[in-house]
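Notes to accompany the following structure.
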Amino acid sequence: MFTGLVEMTGKISGRSSGALMIAPSKRLEEPVIGESIAVNGCCLTLEKVTPSGELVFHTMAESLRRTNLGSLPVGARVNMERALASGSRLGGHIVQGHVDAALRVVSLARQADGDLELAIELAPELAPEVVEKGSVAIDGVSLTVVRAADGEFAVRLIPQTLADTVLGERKAGSIVNVETDILGKYVRRQLEIAGLITPAAKKSSSGTVTMDKLREAGFI
């Protein structure tokens, strides 16, 4: 489990069959072979650390297909976070490292109020799980949704995020990894089981949920 607070960046230094090599921006302290590390929000297993500090991860074909790790070229920078240690502060939100979709950036632009806004296409199947003021992980970074409508959602990037992550390098057309909030997924699943949303409702932001139905199902 992760928090979405990026600890360092890294540069893809090589690829081979089933392996991804990354040179981190700083040497890992006491790395453990077999530990989980989120790379652009995708949970990978550390297989080897070279004498120079390069990290070698096993990468399944499924991971490369469902994330941007399969398309990023050698030399591309990535966000990295080690798994949450017991007793540590949960400064972001609960991030599993299980990417839901690799989605296209619509724009990265300065707004009239001076904030930098990153807008991303919103896949219909994920729309019910992305809500205004809710949490979302983009390339492994925990961010707050400022709007979600009309086939896209947006977040704002503060200077610290720009300094510590690679999100500032994204532009229209870039592909980013998106993981929605696990809490929203469980709520959605329970509503489905209770029959409070229908298959048609799962494809849009509208549904058949009413206060009476929520009360009958024991949610309130």
Considering all heavy atoms, the nearest Leu122-Ala127 contact: CD2-CA, 3.9 Å

Beyond-backbone contact of Ile12 with Leu20, side-chain heavy atoms, under 4.5 angstrom: yes

ILVMFWY network linking Val95 to Tyr186, side-chain heavy atoms under 4.5 angstrom: no

Trace of the side chain to side chain contact (heavy atoms under 4.5 Å, CB included) decision for Phe2 with Ser142: CA-CA 10 Å; Phe2 308 93; Ser142 175; over 6 Å; no

Ala119 to Arg147 - nearest heavy-atom pair and separation: CB-NH2, 4.0 Å

Distance-minimising heavy-atom pair for Ala23 and Ser13: N-OG, 3.9 Å

Any side-chain heavy-atom pair of Leu116 and Leu162 under 4.5 Å: yes

Audit row: Met8, Leu28, side chain to side chain contact (heavy atoms under 4.5 Å, CB included) steps and yes/no: CA-CA 10 Å; Met8 69 187 79; Leu28 257 64; 3.6 Å; yes

Residues Leu46, Leu44; criterion side chain to side chain contact (heavy atoms under 4.5 Å, CB included); working and verdict: CA-CA 7 Å; Leu46 180 63; Leu44 298 179; over 6 Å; no

Atom pair CZ/CG of Arg188 and Leu191 - distance to nearest 0.5 Å: 10.0 Å

Exam field: side chain Thr165 to backbone Thr161, donor-acceptor pair closer than 3.5 Å: yes

Working for side-chain hydrogen bond (donor to acceptor under 3.5 Å, both in side chains), residues Asn177 and Asn40: CA-CA 7 Å; Asn177 295 330; Asn40 268 5; 5.7 Å; no

Heavy atoms from other residues, nucleotides or ligands near CG of Asp113 exceed 12 (cutoff 6.0 Å): yes

Minimum side-chain heavy-atom gap Leu55-Met80 below 4.5 Å: yes

Hydrophobic cluster identity match, Val141 and Phe153, side-chain contacts under 4.5 Å: yes

Listed once per pair and sorted, the side chain to side chain donor-acceptor pair (under 3.5 Å) pairs that draw on residues 16-35, sequence neighbours left out: Glu35-Arg82

Kindly list each side-chain donor-acceptor pair under 3.5 angstrom involving residues 101-110, sequence neighbours excluded, with atom names and distances?
unit_1, atom_1, unit_2, atom_2, d
Arg104, NH1, Gly173, O, 3.2
Arg110, NH1, Gly114, O, 3.1

Over 12 non-hydrogen atoms of neighbours within 6.0 angstrom of CD in Gln160: no

Min side-chain heavy-atom separation Val131-Val145 under 4.5 Å: no

Pairing of Glu54 and Lys48 as salt bridge, 4.0 angstrom limit: no

Connected hydrophobic set around Met21, excluding itself, where side chains approach under 4.5 Å: Val56

Between Asp164 and Asn79: side-chain donor-acceptor atoms closer than 3.5 Å: no

Within one Ile-Leu-Val-Met-Phe-Trp-Tyr cluster: Val176 and Val130, side-chain cutoff 4.5 Å: yes

Any donor-acceptor N/O pair, Glu81 side chain to Thr3 backbone, under 3.5 Å: yes

Side chain to side chain contact (heavy atoms under 4.5 Å, CB included) assessment of Asp181 paired with Val136: CA-CA 6 Å; Asp181 191 352; Val136 66; over 6 Å; no

pair Ile175-Thr67: side-chain heavy atoms closer than 4.5 Å: no

Approximate separation, where rounding is to 0.5 Å, of Thr59 OG1 and Leu64 CG: 4.5 Å

Ser174 side chain to Lys171 backbone, donor-acceptor under 3.5 Å: yes

Results of side chain to side chain contact (heavy atoms under 4.5 Å, CB included) for Ser63 - residues two or more places apart only: Cys42, Met60

Residues clustered with Val166, ILVMFWY side-chain links under 4.5 angstrom: none

Reported NE2-to-SG distance for the pair His98 and Cys43, which is rounded to 0.5 angstrom: 5.5 Å

Side chain to side chain contact (heavy atoms under 4.5 Å, CB included) against Asp100, all qualifying residues, sequence neighbours excluded: Leu126, Glu179, Thr180, Lys185

Same cluster (ILVMFWY, side-chain, under 4.5 Å), Phe57 and Ile33: yes

Side chain to side chain, Arg156 and Leu143, heavy atoms closer than 4.5 Å: no

Sub-4.5 Å side-chain heavy-atom contact between Ile22 and Ile37: no

Euclidean distance, Arg170 CZ relative to Leu157 CG, rounded to 0.5 Å: 11.0 Å

Heavy-atom side-chain proximity of Ile120 to Val155 below 4.5 angstrom: no

hydrophobic_cluster_shared for Met1 and Ile182, side chain cutoff 4.5 Å: yes

